[in-house]
Amino acid sequence: MTATIVPAASASAFAALQPVPQQCRLCSVIAEPQPLAICEHCLGPLDPILDPRRRLPSRAEIAARPQSIWRYKEWLPFSGTPVHSLDTGFTPLVDAPRLAAKLGVARCWVKNDAVSHPTLSFKDRVVATAINAAHAFGLETVGCASTGNLANAVAAHAARAGLDAWIFIPADLEPAKVLGTAVYNPKLVRVNGTYDDVNRLCQQLADRYGWGLVNINLRGYYGEGSKTMAHEIVEQLGWRLPTAVVAPMAGGSLVNKLKKGFGEFIAAELVTGPLPRLYGTQAEGCAPIVRLVESGDDRITPVIPNTIARSLAIGNPADGRFAADAIRGTGGWVAGVSDAALLDGIRVLAQDTGIFAETAGGVTVAGALALAAEGRLRPDDEVVLCITGNGLKTVEAAADGLRQAPVVAPKLREVAALVDGGY
Amino acid sequence: MPVTLELPVVLAKLAGGTRRIAAEGTTVGDVVADVAARYPDLAPRLRDSAGAPYPFVTFYLNDEDIRFVGGFGAAVADGDELVIVPAIAGG
C-alpha cells in the first residue's frame with residue numbers, strides 16, 4: 001500500500017476536511033485515509049501521519065486562537081477545516097499547593113477535565129476528533145464500546161452533529177452514566193457482561209454493519225485527540241514542561257498519547273526540556289498495566305475487573321504494552337490502589353482543590369500519594385495530575401464515608417445547637 | 001459437527017475471503033493448527049513463531065477469552081464457535 005500525504009499547510013482556511021493517512025506503529029506500512037484502525041498486514045495499531053513539511057504555528061499564533069483543542073490543529077489528524085465539536089478542550093490547569101505539600105513536591109497542578117465541554121470527561125477530546133473523521137468519511141452512524149464516559153461523549157457529539165449513534169455499555173454501569181447517555185437519545189444498548197465483552201461484541205458489529213465506531217475502526221483518529229491534554233498543559237504552564245505527570249489508565253491510550261503530545265511540542269521547539277516522567281495508575285481490582293510494568297513482561301495478562309472504578313475497568317487493555325513502554329521510556333512508574341484508597345483520593349482532591357472527580361480521579365490522586373510515599377516523586381518535582389472525569393457521574397461511590405448532614409427546623413436555636421455542639 | 005472458526009474482515013483476505021471456516025480438533029490449539037495448515041497465508045496471524053497466540057489477535061471460545069479457559073490448551077467440542085478479533089480496539 002502507498003499513500004499520498006496531503007499537506008495540511010497547503011489547505012486553505014476553509015478547505016474541506018480530510019483525514020490524513022495512517023501508518024502502522026509496528027511494521028510502518030501506510031494506509032490510505034479510511035475508517036480502519038489496524039494494519040491490514042500485521043494487525044498493529046495505525047497512527048495518523050502528520051506531514052513533516054506542514055507549517056507550524058508560533059506560541060503567539062496558538063495563543064491568539066480560540067480556546068479549544070483545535071488551537072493545536074497542526075497536530076490533529078486532518079487537513080482542512082474541522083466542522084464539528086469546535087468548542088471542546090482548554091480545560092483549567094489548577095494550581096494545587098496543598099496537594100503539592102501532601103506529595104512532597106515543589107508544585108502540583110490538576111488538569112481538570114472534570115469540566116470538559118460538553119460531557120465532563122476527557123473523552124470529549126477524542127470524540128471531537130473522531131466525529132470529524134466520521135464526517136469526513138461520510139459515515140452517517142457512529143458508536144462505541146464504553147465504560148461510561150465515552151458513551152456520554154459519543155451520544156452528545158453525535159446528537160449535535162446530527163449523526164445516528166449506536167452505543168454499547170455494560171448493563172450495570174453507574175446510573176448517571178446511563179442517564180447521561182440516554183438523554184441524547186442514541187440507540188443505547190446495555191450488555192450483560194464486562195467492558196471487554198462489550199468491546200469484543202463491537203468489533204464484530206463494526207465488521208457487520210460498517211458503522212464508525214470511534215474506538216474501534218476510527219480509533220487512530222480518535223486517539224489523537226488525547227494529545228491535546230499534553231499540549232494544553234505545556235501552554236498553560238507558560239510554555240514549560242512539568243517534570244512528572246500522573247494519569248489514570250484504562251485501555252492505556254492516554255499515557256501513550258500524553259508522551260506523544262509532549263514530544264511533539266519539544267520537536268516543534270515550542271518548549272525545551274526532557275519529557276516528563278509518566279506515571280500510570282489503576283485500581284488494584286483491575287490493574288493489568290500496573291502488573292505488566294512491574295513484571296517487565298511484554299504481554300498483557302488480562303484480568304476480570306473487580307473495582308468501583310468502572311471507567312477504568314478494562315481487563316484487556318489494547319494499548320497496555322504501549323503504555324508500559326511510554327512509562328518505562330520516560331523513567332516513570334505505576335501505582336495500583338485499593339477501592340478504599342481511591343475514595344480517600346476523591347475526598348483529598350475535593351477538599352484540597354475544590355475539584356470533585358469521579359472514581360478514576362480518585363485513582364489518580366491515590367496513586368500519586370502512593371508514588372510519593374514510595375519516594376518516586378522528588379522534592380523539586382513539578383507534577384501534573386490528570387483528572388479525567390466528573391464526580392457527579394459516580395456519586396454512589398463517593399457517598400460512603402462522607403459526613404452526614406443533620407436536618408434541622410428553620411430555627412436559629414437548632415443551628416446554634418449544632419455550632420455550640422461542635423458539629 | 002466440527003468447530004467453527006470466525007475471522008474478522010481484516011483476516012478474511014488471507015483466507016481467500018472466507019470468514020467462517022469449519023475445522024477439526026480437540027483443543028483450541030488443534031483447531032488453530034488445522035486452519036493454519038489449510039490457509040498458510042493466514043497462519044502467521046494466528047500463531048507467533050513460538051506457536052503461541054499471535055499477540056495482536058484475541059481468541060474467544062463461545063464468547064470467552066481463551067486466556068481465561070486454558071489458552072490453546074482449552075478443550076473444544078463439536079458445535080463450539082471460536083471467534084478471532086483484532087486485539088487493538090477499545091479504550
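Atom set for the values below is all heavy atoms of this structure, side chains included, hydrogens, waters and symmetry mates excluded. None of the values given here were measured: they were computed from a predicted structure.
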Contact part of [X] toward chain B, heavy-atom cut-off under 4.5 Å: side chain, backbone, both or neither?
X: A:C144; value: neither
X: A:V303; value: backbone
X: A:D197; value: side chain
X: A:I304; value: both
X: A:F168; value: neither
X: A:N199; value: side chain

As an exercise: rank [options] by heavy-atom pairs under 4.5 Å with chain A and give me the winner.
options: B:R19, B:K13, B:R67; result: B:R67
options: B:V83, B:L14, B:D63; result: B:D63
options: B:T58, B:I88, B:L11, B:V10; result: B:I88

Answer yes or no: are there more than 12 heavy-atom neighbours, outside B:D41 itself, under 6.0 Å from its atom CG? yes
Would you find a donor on one side and an acceptor on the other, under 3.5 Å apart, between the side chain of A:D207 and the backbone of B:P8?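 Looks like no, no N/O pair under 3.5 Å.
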Among [options], which has the most heavy-atom pairs under 4.5 Å with chain B?
options: A:G252, A:G251, A:P45; value: A:P45
options: A:A318, A:C202, A:P302, A:G223; value: A:P302
options: A:N316, A:V198, A:D319; value: A:N316
options: A:R321, A:R200, A:R299, A:R208; value: A:R200
options: A:D298, A:I314, A:I38; value: A:I38

How long is the gap from CD on A:Q204 to OH on B:Y60, to the nearest 0.5 Å?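 Reported to 0.5 Å precision, the distance equals 9.0 Å.
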Shortest non-hydrogen contact from A:Q203 to B:P86? OE1-O, 2.7 Å
Interchain contact, B:D65 with chain A, by part (heavy-atom threshold 4.5 Å):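 When you check distances to chain A, only side chain atoms of B:D65 fall under 4.5 Å.
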For B:E64, is it the side chain, the backbone, both or neither that has a heavy atom under 4.5 Å from a heavy atom of chain A?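 Neither part.
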